[in-house]
Amino acid sequence: MVDTMTRPTKPPRPGVSLRARLVLAALVTLAVVVVFVSNRLLTERYTETTRNRAELRVALYSGNLLSELQRNAVVPLLLSRDPALINALNSGDYSQSTARLISYLEEIEAASLLLLDKDGRAVAASARETLGSIHRSDAYYVDALRSSDTVFTTVRTEAGGYEFTYSRRIEQAGELIGVIVVGVDLRKFENSWSGISDAVLVTDSEGNVILATEARWRGKPEGEALATVSATEAIRRSAHEAANWSGLPAEVLFLGEAVMRHEARVPFQGWRIASFTSYASVREKVNTVLSLEIMGFAIALSLLFYLISRRAQWRSVVFAQESAELRQLNMALQREIGERKRAEENLQVAEQTLAQSSKLAALGEMSAAVSHELNQPLAAMKTYLAGAKLLLQRKRPNEALSSFQRIDDLIERMGAITRQLKSYARKGGEAFEPMDVRDSVSSALSMMEPQLKSREVRITRNIPRDPVMVIGDRLRLEQVLINLLRNALDATKSVEQPQVDIIVSQGDYALITVRDNGDGVDDLDNLFEPFYTTKAPGDGVGLGLAISSGIVTDLGGRLRARNGQDGGAVFEVELPVLKDEGRKGGSASADAAE
């Protein structure tokens with residue numbers, strides 16, 4: 001008899017089900033695809049962002065450099081016509097000349113001022129230690145003698161840097177009596193460019209480096225300069241020399257060997273500006289995002305393994321031990337993820353702090369430039385708010401709404417003033433655009449309205465209904481009109497019934513006429529000369545009409561003055577009309593306001 005024994009049931013073999021394998025394969029495939037696509041898209045995006053930031057910075061650097069040069073270019077012309085300096089050169093009495101140059105230096109913010117007699121001897125200077133020195137062989141003196149205009153000179157110093165000067169000869173009755181020299185401080189831009197994660201250089205028309213964040217680049221062609229000190233090393237040296245390391249952008253801490261170069265033209269004597277920016281920040285940002293994606297998929301994989309281990313725990317002790325190890329691994333991953341999350345949060349806070357510090361620094365630099373231009377709109381807004389409050393108290397809401405509308409217009413005006421800073425980043429001529437002359441007239445009248453009302457001046461406007469289009473800068477034209485209106489107010493102080501007429505007409509030229517019923521102008525020949533004024537001491541220095549005439553000339557027109565047939569002064573701003581607009585007819589509308 002054969003005993004039949006029942007075989008024990010074989011436990012299922014430890015393993016992973018087909019369904020779990022498919023889910024795992026799908027998750028891994030998805031992770032690979034997402035990481036690959038993200039790497040490509042993010043690399044392109046951050047590269048383009050870095051490139052755009054570099055281009056914007058170069059445009060700003062070029063605009064600031066050109067603005068500084070243009071601002072100082074007009075100073076020699078004005079000082080060469082200063083009666084006090086001319087009298088000092090004629091009489092040989094220079095006791096007050098140095099003090100006068102120092103007072104001018106604080107006003108125009110030039111690097112230095114130097115007055116030379118016809119023999120090249122320094123007779124007055126903002127730096128007193130240079131008095132008595134001889135400059136007959138200096139380039140700026142020689143160039144000024146050879147030209148009747150203002151000349152710009154670049155001179156290499158013994159220390160390896162460059163000095164930049166404007167000079168102009170001073171004449172009387174066609175005879176040379178001296179030379180005025182204005183020093184331009186461009187080295188300050190090198191200091192401001194340092195520590196912005198860029199290496200920057202400026203070359204002259206011959207290709208030699210004249211300004212650079214790396215001192216050893218100056219005086220050499222760009223290729224030779226880069227062979228002396230590489231762009232990457234220059235960026236690193238510039239970062240270490242920055243005064244506040246914590247205020248630097250994050251990418252300067254991760255410099256690699258690869259850099260991008262961006263070049264732009266400075267519209268001044270063939271100058272060019274180039275910047276070098278590191279690519280390292282692009283890879284760092286991409287890797288940060290990819291690490292977060294990988295961690296997310298790692299969490300998903302951990303959860304999947306955990307579920308599989310829990311389901312297969314009953315199959316074998318060995319598999320249970322493996323599941324325990326997976327759980328421990330999962331806990332370690334969770335801790336690592338938590339630590340990385342905290343690190344990412346700290347990094348984000350640091351980046352926000354750095355960004356805010358950068359914004360505050362830029363705000364500090366811009367506030368000084370725009371504060372003066374914002375004073376008049378703010379004063380007008382205060383007047384309108386007081387008027388609106390009084391009207392509301394008197395239950396006249398409709399008239400109060402008119403004041404609020406004017407306040408809104410002034411806010412738009414203040415916004416336009418701040419947007420004018422963007423014109424610094426443009427190349428020469430790009431700040432001009434098609435504009436309607438009527439808009440500038442209306443804005444100027446709105447700005448001057450509080451003063452007109454306080455003086456009870458009657459304003460008569462005669463403006464066409466159709467647009468009068470020209471090519472120009474609206475803010476600069478408004479500045480001219482406000483100067484003319486203020487002069488008209490001053491001219492009618494002694495008149496019992498003051499009146500100012502504003503007429504806009506269009507023909508071959510756009511003509512803006514500002515006419516008052518004051519006493520007129522005695523000396524029309526010298527009216528637009530710098531430092532000529534009929535006002536009492538302390539009320540003006542005689543530069544308003546000279547500046548206005550220069551602005552109109554820049555716009556392609558001219559500013560004229562004459563006395564009216566019935567008395568008073570008449571100022572005419574003549575501007576070329578926009579050619580493609582053609583002549584537009586139409587009747588004119590006239591209105592008067594007290």
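Looking at Gln506 and Val437, their side chains never come closer than 4.5 Å, going by heavy atoms from C-beta outward. Put simply, the side chain of Val514 does not reach to within 4.5 Å of the side chain of Asp516, judged on heavy atoms. With a 4.5 Å cut-off on side-chain heavy atoms, Leu511 and Glu572 count as touching. Counting heavy atoms from C-beta on, the side chains of Ile502 and Leu481 never come closer than 4.5 Å. Here the side chains of Leu392 and Lys389 are not in contact, with every heavy-atom distance at 4.5 Å or above. In this structure the side chain of Leu69 reaches within 4.5 angstrom of the side chain of Phe152, judged on heavy atoms. Looking only at side-chain heavy atoms (C-beta outward), Asp409 and Gln405 come within less than 4.5 Å of each other. Side-chain contact check for Thr277 versus Arg57: some heavy-atom pair is nearer than 4.5 Å.
Nearest heavy-atom pair across Arg128 and Ile102 is NH2-CD1, 3.6 Å. Here the closest non-hydrogen pair linking Tyr166 and Pro76 is CB-CG, 3.6 Å. Across Leu485 and Ala444, no two heavy atoms sit closer than the pair CD1-O, 4.1 Å. Residue Leu105 comes nearest to Ser126 through the heavy atom pair CD2-CB, 3.6 Å, listed as atom of the first residue, atom of the second, then distance. Taking each heavy atom of Thr165 and Gly183 in turn, the nearest pair found is CG2-CA, 4.1 Å. In terms of heavy atoms, Val495 sits closest to Gly518 at CG2-CA, 4.0 Å.
Interatomic distance, CD of Gln70 versus CG of Leu65, reported as 10.0 Å (0.5 Å rounding). Here the CZ-OG distance, from Phe268 to Ser62, works out to 12.0 Å after rounding to the nearest 0.5 Å. Put simply, OH on Tyr384 and CG on Leu391 are 12.5 Å apart, with the number rounded to the nearest 0.5 Å. With values rounded to the nearest 0.5 angstrom, Ile407 atom CD1 is found 9.5 Å from Thr383 atom OG1. Within the model, atoms OG1 of Thr203 and CH2 of Trp271 stand 10.0 Å from one another, a figure rounded to the nearest 0.5 Å. Note: Glu190 CD to Asp185 CG = 9.5 Å, rounded to the nearest 0.5 Å.
Ser442 places no side-chain N or O within donor-acceptor distance of the main-chain N or O of Asp439, the cut-off being under 3.5 Å. Distance alone, capped at 3.5 Å, is enough to place a donor-acceptor pair between the Arg71 side chain and the Ile108 backbone. In terms of modelled atom types and a separation under 3.5 Å, the side chain of Ser97 and the main chain of Ala124 share no donor-acceptor contact. Asp436 places a side-chain N or O within donor-acceptor distance of the main-chain N or O of Val468, the cut-off being under 3.5 Å. Although no hydrogens or angles enter the test, the distance criterion places a donor-acceptor pair under 3.5 Å between the side chain of Asn563 and the main chain of Val521. A distance-only check finds no donor-acceptor pair linking the side chain of Asp82 to the backbone of Leu78 [under 3.5 Å]. Side chain of Arg169 to main chain of Leu145: a donor-acceptor pair is present (N/O by atom type, distance under 3.5 Å, no hydrogens or angles). Side-chain atoms of Ser443 never come within 3.5 Å of backbone atoms of Ser440 as a donor-acceptor pair (strictly under, hydrogens ignored). Of the possible donor and acceptor atoms, none in the side chain of Arg558 sits under 3.5 Å from a partner among the backbone N and O of Glu574. Judged by distance alone, the side chain of Asp501 and the main-chain N or O of Asn462 form no donor-acceptor pair under 3.5 Å.
Residue-environment remark: OH (Tyr509) stays at or below the threshold of 12 foreign heavy atoms within 6.0 Å. Heavy atoms of other residues, nucleotides or ligands lying less than 6.0 angstrom from CZ of Arg515 number 12 at most. Counting heavy-atom neighbours within 6.0 Å of Glu175 CD, excluding the residue itself, gives a total of 12 or less. Within a 6.0 Å radius of NZ in Lys382, other residues, nucleotides and ligands contribute 12 heavy atoms or fewer. Other residues, nucleotides and ligands contribute more than 12 heavy atoms inside 6.0 Å of the CD atom of Glu263.
Aromatic ring pairs are classed by plane angle as parallel below 30°, tilted from 30° to 60° and perpendicular above 60°; the pair Trp193 and Tyr61 is tilted.
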**Request:** Take Gln269 and Ser205 through the side-chain contact (heavy atoms from CB on, under 4.5 Å) test and state the conclusion after the steps.
**Result:** CA-CA 7 Å; Gln269 294 191 356; Ser205 59; 5.9 Å; no
**Asked** Can Thr154 and Asp204 be said to form a side-chain contact (heavy atoms from CB on, under 4.5 Å), step by step?
**Response** CA-CA 9 Å; Thr154 302; Asp204 58 14; 5.9 Å; no
**Request:** Apply side-chain contact (heavy atoms from CB on, under 4.5 Å) to the pair Leu89 and Gln172, showing each step before the final yes or no.
**Result:** CA-CA 10 Å; Leu89 290 171; Gln172 187 176 34; over 6 Å; no
**Prompt:** Yes or no on side-chain contact (heavy atoms from CB on, under 4.5 Å) for Leu113 and Val181, after CA distance, side-chain angles and deciding distance?
**Reply:** CA-CA 6 Å; Leu113 293 176; Val181 182; over 6 Å; no
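Counting only N and O atoms by type, the side chains of Ser147 and Asp149 include no donor and acceptor under 3.5 Å apart.
Between Lys188 and Glu68, at least one side-chain nitrogen of the basic residue sits less than 4.0 Å from a carboxylate oxygen of the acidic one, meeting the salt-bridge criterion.
Listed by chain and number, the residues in a side chain to side chain contact (heavy atoms under 4.5 Å, CB included) with Glu163 are Thr157 (sequence neighbours excluded).
Of the residues Leu114, Leu116, Leu115, Leu85, the one that meets the side-chain contact (heavy atoms from CB on, under 4.5 Å) test with Val123 is Leu115.
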